[in-house]
Amino acid sequence: MTRTHGRAPRGQRLREAVPRNRGRVTTVLGAISLNGMVAHMTVVGGTRGEVFERFVREHLVPVLRPEQLVVWDNLGAHKQRGVREAVEAAGGHGVFLPRVPVGPSLTAGRLPSPLLAR
């Protein structure tokens with residue numbers, strides 16, 4: 001974590017180098033069930049729809065049992081055409097989490113009760 005504040009002699013500006021990301025971005029995709037980790041894949045780079053679909057088809061579908069529920073958030077890669085179809089073809093059910101409004105005035109105590117009941 002890079003500090004955003006520091007000390008300098010009176011009348012002088014503090015100047016320091018800020019480290020940048022070095023090396024490659026590595027993304028880890030995974031699926032967890034009540035029994036623990038059931039599928040995982042590591043890719044170099046970010047997650048695009050094609051990468052996520054490959055994860056679902058090659059790693060998740062082979063371990064998916066009929067009637068199992070697969071829950072995704074609303075990341076664009078999760079909405080790739082073919083992802084839900086692959087899960088449903090294996091007998092599972094794909095469900096997206098509901099969109100919950102975010103902001104400093106929306107703490108858990110202030111959320112509308114229908115959102116808490118889901």
Side-chain angles (χ1 to χ4, degrees):
M1 300 285 295
T2 303
R3 293 184 181 202
T4 57
H5 294 78
R7 295 177 187 245
R10 184 178 295 267
Q12 294 181 15
R13 182 177 291 265
L14 176 64
R15 297 196 185 269
E16 278 296 323
V18 177
R20 300 275 303 162
N21 292 341
R22 293 184 181 192
R24 299 180 183 158
V25 172
T26 303
T27 302
V28 179
L29 301 170
I32 302 172
S33 76
L34 295 175
N35 299 323
M37 183 72 74
V38 294
H40 58 86
M41 181 173 98
T42 305
V43 293
V44 175
T47 302
R48 298 177 317 278
E50 303 83 33
V51 172
F52 187 71
E53 184 177 358
R54 193 177 90 216
F55 164 72
V56 169
R57 290 188 185 279
E58 295 178 9
H59 298 275
L60 180 61
V61 166
V63 297
L64 195 62
R65 294 186 312 246
E67 300 301 316
Q68 269 190 317
L69 187 64
V70 179
V71 181
W72 297 292
D73 60 8
N74 288 292
L75 181 70
H78 298 164
K79 297 177 181 179
Q80 171 77 15
R81 186 178 312 230
V83 170
R84 183 187 292 248
E85 290 81 4
V87 168
E88 290 173 353
H93 302 285
V95 177
F96 286 97
L97 289 173
R99 291 181 183 259
V100 177
V102 240
S105 64
L106 292 172
T107 60
R110 296 182 182 178
L111 285 176
S113 57
L115 291 177
L116 293 174
R118 290 184 185 176

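- No side-chain heavy atom of H5 sits under 4.5 Å from any side-chain heavy atom of L14.
- Hydrophobic clustering of Ile, Leu, Val, Met, Phe, Trp and Tyr side chains at less than 4.5 Å, counting indirect connections, keeps F96 apart from L69.
- Residues passing the side-chain hydrogen bond (donor to acceptor under 3.5 Å, both in side chains) test with E67 are H93, sequence neighbours excluded.
- A perpendicular orientation is assigned to the rings of F52 and W72, their planes being inclined by more than 60° (bins at 30° and 60°).
- Here the closest non-hydrogen pair linking A77 and V83 is O-CG2, 4.5 Å.
- The minimum heavy-atom distance between R13 and A8, with the atom names listed, is C-CB, 4.2 Å.
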Which donor-acceptor pairs under 3.5 Å do side chains of residues 24-45 form with protein atoms, sequence neighbours excluded?
unit_1, atom_1, unit_2, atom_2, d
T27, OG1, G45, O, 2.6
S33, OG, N35, N, 3.1

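- Every pair passing salt bridge (Lys or Arg N to Asp or Glu O under 4.0 Å) that includes a residue from residues 38-49 is listed here, sequence neighbours excluded: R48-E50.
- Each of V56, V61, L60 was compared with V70 under the side chain to side chain contact (heavy atoms under 4.5 Å, CB included) criterion, and only L60 meets it.
- L75 is not connected to L97 by any chain of hydrophobic side-chain contacts under 4.5 Å among Ile, Leu, Val, Met, Phe, Trp and Tyr, and they are in different clusters.
- Classification of the F55-H59 ring pair by plane angle, with boundaries at 30° and 60°, yields parallel.
- Closest non-hydrogen pair, L64 versus A90, comes out as CD2-CB, 4.1 Å.
- When all heavy atoms are compared, the tightest approach of G82 to E53 is CA-OE2, 3.9 Å.
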